[in-house]
Number of protein chains: 2
Amino acid sequence: MRKDRADERAAALRLMHRRSKAAEAKPARTRAGATPRLRTPEARSEIAVTTHESVYRGLRNRILFGGFLPGSAVTLRGLAEDMGVSPMPIREAVRRLIAERALKMQDNRRVLVPPMTQETFEQIVFARKTLEPELAVRAMDRIGPAEIRRIVAHDKAVDRAMAMSDVHGYMESNFRFHFAIYEHAGADTLLALVESIWLQFGPFMRMAYNRWGTSDLEDQHQAAIAALQRRDRKALRAAIAADVSQGMSFIGETVLRRSS
Amino acid sequence: MRKDRADERAAALRLMHRRSKAAEAKPARTRAGATPRLRTPEARSEIAVTTHESVYRGLRNRILFGGFLPGSAVTLRGLAEDMGVSPMPIREAVRRLIAERALKMQDNRRVLVPPMTQETFEQIVFARKTLEPELAVRAMDRIGPAEIRRIVAHDKAVDRAMAMSDVHGYMESNFRFHFAIYEHAGADTLLALVESIWLQFGPFMRMAYNRWGTSDLEDQHQAAIAALQRRDRKALRAAIAADVSQGMSFIGETVLRRSS
DNA sequence: ACCTTTCCATTGTGATCACATTATTCGCGC
DNA sequence: GCGCGAATAATGTGATCACAATGGAAAGGT
C-alpha cells in the first residue's frame with residue numbers, strides 16, 4: 001500500500017539520474033552544480049531554460065489538465081524521482097505553485113493538491129465571471145484573422161477531444177482556446193490572476209469530467225468566435241460569461257455534494 | 001558606489017550568523033540543518049515558524065509598506081546578509097514573492113522590484129475596483145461591534161500617521177484598515193488575489209506619497225465605517241470603490257507621466 | 001578620448017548532506 | 001485479535017559547496 005507508487009512509476013521514468021552514492025568514483029561526471037541546460041533528450045535547442053522552469057511547467061500542466069486528483073499528496077523526493085531531477089528544482093517549483101495556490105501546504109508541512117470546497121468553488125466562479133469576459137473584450141481589438149484562425153483550431157481540437165471522450169485532451173484544448181483569446185488583451189496582471197484561478201480548479205474539473213464524460217457539454221465557444229469576427233463587444237462578453245457559467249455549474253453540480 | 005550598501009547595512013544587522021569558514025573548529029555549533037525555530041531575539045514564543053516564513057513576512061511587509069523602490073535590484077546573498085540568514089530561505093521567500101508578482105525576475109535572472117507602467121497600473125485599478133467592494137460586502141454580515149472597533153482603530157492610526165506625515169505608518173495602517181474588513185469575508189481565494197495586487201503597487205504607492213506627502217488625502221474611510229454600522233451594502237460598496245478610485249488616481253496622477 | 005577586449009567579482013542554480021519533525025510500521029502485552 | 005508503545009522510515013528545511021553565466025571594471029589599441 002506504499003510501495004506501489006514507487007514501483008510502478010520508477011519503471012516509467014527517464015532514469016538518467018543516479019540516486020545511490022554507490023557510483024562514486026565515476027570520473028567524467030557532469031559534476032553537479034549549475035544548470036546543465038535542459039535534460040530532456042529531445043534537445044529543445046535554442047532557448048535555455050532552468051531545470052526549475054521545466055519542472056514547473058510540467059507540474060503546472062499536469063495540474064491544469066487534470067493529472068492530479070484533488071486531495072492527493074505530493075512529496076518533494078517523490079516528484080524528484082518521477083521527473084528524474086534532484087529535489088532542489090522541485091522545491092522551487094512546488095514553492096511557486098503553492099504561492100499560486102495550485103498546491104497547498106498544510107500545517108504538517110505536507111504538500112497536497114488542495115481539495116475543493118463549495119465556498120472556494122463559488123469564489124472561483126465569481127472571479128472567472130468577473131475577469132474573463134473583461135480579458136476577452138480587451139483582447140478583441142488586437143485579434144485579427146490570423147489569431148482567430150488559431151482560436152478556431154483550438155475549438156476544433158476541443159470538439160475532437162469531446163467526440164473521443166478524451167478528458168485530458170479536452171481540458172488542454174479548452175484551456176488553450178480560452179487563453180489564446182485572453183493573452184492578446186495585453187493585460188498581464190489580470191491574466192496572472194486568471195491563470196492562478198484556473199490552476200485551482202483544474203484537478204477538480206477533471207473529477208467532474210471523469211465522472212460524466214465530456215460529451216453532453218454544449219459548445220459555447222461558437223458564439224464567442226462569432227462575436228470576435230463581428231467585433232461585437234457585448235456579445236463576446238456575454239458568450240464568455242455564458243461559457244463560464246455553463247461549464248462551472250456543470251462541474252459544480254456534478255461533483256459538489258449538497259452541504260447546506 | 002558598490003560598497004556602500006554592504007557597509008552601512010552590515011552594521012545594523014543581527015550578526016548571529018557566521019559567514020566565513022574561518023571559525024571551523026567551533027565545537028558546540030548549532031550545526032546547520034533543520035529549523036532552528038525562530039532566530040529573532042524577541043522570541044515570539046509559541047508558534048513555530050520556519051525561517052523561510054519569517055523572511056517572507058519581512059520582505060512582504062517591506063514591499064507592502066514601501067520599503068523598496070520600484071526598479072531597485074535585489075540579490076539573494078545581499079538579502080541574506082541583511083536579514084542575517086543563509087541564502088537558502090531567502091531563495092524560497094523570493095521565489096514565492098516572484099510568483100505573487102511582488103518581485104520580478106528578468107531574463108538576466110536578476111531579481112528586482114518591478115517598476116510600474118501605465119498599463120499595469122490601470123489593470124490594478126480595475127482589479128481593485130472589481131474585487132475589493134465585493135470583499136467588503138461579503139464581510140459585512142460577519143462584522144460585529146468588536147470587529148468595527150478594531151477597524152476604527154486602524155482608521156485612527158491612519159489619521160495619526162497622516163498628521164505626522166509618516167508615510168510608512170500611513171501605508172501600514174491603511175493596509176490594515178482595508179484587510180481588517182476584507183479578511184472577514186470568508187473568501188480566501190478572492191483575498192489572495194487582492195493581496196497579490198496590493199503587493200504589486202506597494203512600492204509605487206510609496207513613491208507617490210514620498211513626493212507629495214499624505215496630508216492632502218481626504219479620508220474616505222469614514223463613509224465605509226458608517227456603512228458598516230448601518231449595514232448598508234450599497235453604501236459600503238460605493239465607499240470602498242470611492243476610496244480605491246480616489247487613492248489610486250491620486251497615486252497615478254502624481255507619479256505616472258503622460259505617455260500616450 | 002573612445003571603443004574594444006580581457007579579466008575578475010557577483011549572481012542565480014543545482015547537488016548533497018545533516019537535522020528535527022512527523023508519519024508509519026512493527027512488536028509486545030493482554 | 002486488538003490497542004498501545006517503541007522503533008523505523010519518510011518528509012520538508014537549512015547550510016554549504018561548485019558551477020556557468022553575466023556584469024562591470026581595468027587594460028589595451030587606435
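In what follows, every chain begins at residue 1, and chains take the letters A, B, ... in the order their sequences are listed.
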Discussion item. The side chain of B:Ser86 is closest to which nucleotide in this list: D:dA18, D:dT13, D:dA15?
Written reply: D:dA15
Practice prompt. Assign B:Val55 to base, sugar-phosphate, or nothing according to its heavy-atom contacts below 4.0 angstrom with the strands shown.
Written response: nothing
Worksheet item: Hey, does B:Val94 reach any base, or is it just sugar-phosphate, or nothing, if we go heavy atoms under 4.0 Å?
Response: nothing
Worksheet entry | Whole-Å distance separating the CD atom of A:Gln106 from the P atom of C:dT22 | 12 Å
Practice prompt. Look at the side chain of B:Gln123 and the backbone N and O of A:Leu190, then say whether any donor-acceptor pair between them is shorter than 3.5 Å.
Written response: yes
Worksheet item: Can a salt bridge be assigned to the pair B:Glu122 and A:Arg138 using a cut-off of 4.0 Å between side-chain N and carboxylate O?
Response: yes
Item to complete: Check the distance between D:dA15's C1' and B:Glu81's CD and give it to me in whole angstrom.
Response: 16 Å
Worksheet entry | A:Asn108 side-chain N/O to D:dT11 phosphate OP1/OP2 under 4.0 Å | no
Worksheet item: If you find the nucleotide of DNA chain C closest to A:His52 and the one closest to B:Arg110, which residue's nucleotide is nearer the 5' end?
Response: B:Arg110
Discussion item. If I take atom CD1 in residue A:Ile90 and atom P in nucleotide C:dA15, what distance separates them, rounded to the nearest angstrom?
Written reply: 10 Å
Practice prompt. Is it possible for you to check whether B:Arg206 lies under 6.0 Å from the centre of the six-membered ring of B:Phe65, through NZ or CZ, and within 45° of that ring's axis?
Written response: no
Worksheet item: Quick one: on DNA chain D, does A:Met88 or A:Val111 contact a more 5' nucleotide (nearest heavy atom)?
Response: A:Val111
Worksheet, complete the sentence: From CG of A:Leu79 across to P of D:dT11 the rounded distance in Å is 10 Å
Discussion item. Does A:Arg60 form a salt bridge (charged side-chain N to carboxylate O under 4.0 Å, His left out) with A:Glu195? I'd like the steps, not just the answer.
Written reply: CA-CA 10 Å; A:Arg60 182 175 190 271; A:Glu195 281 175 355; 3.5 Å; yes
Practice prompt. Could you check which of D:dG23, D:dG12, C:dG14 has an atom nearest any side-chain atom of A:Thr51?
Written response: C:dG14
Discussion item. Looking only at the side chain of B:Arg91 (C-beta and beyond, no hydrogens), which of the listed nucleotides C:dG12, D:dT13, D:dT16 gets closest?
Written reply: D:dT16
Discussion item. Rounded to whole Å, please give me the gap between CE in A:Met105 and C1' in D:dG12.
Written reply: 6 Å
Worksheet entry | Closest to the B:Arg95 side chain, choosing from C:dT13, D:dG12, C:dG14 | C:dT13
Worksheet item: Going by the angle between their ring planes, with limits at 30° and 60°, are A:Phe201 and A:Trp198 parallel, tilted or perpendicular?
Response: tilted
Practice prompt. Figure out the CZ/P separation between A:Arg109 and C:dC19, and round it to whole Å.
Written response: 17 Å
Practice prompt. Starting at atom CG of B:Asp107, determine the distance to atom P of C:dT11, rounded to an integer number of angstrom.
Written response: 19 Å
Response to the item:
From CG of A:Leu76 across to P of C:dT22 the rounded distance in Å is 17 Å
Item to complete: Report the nucleotide, chosen from C:dT16, C:dG14, D:dG23, that has the shortest atom-to-atom distance to any side-chain atom of A:Thr50.
Response: C:dG14
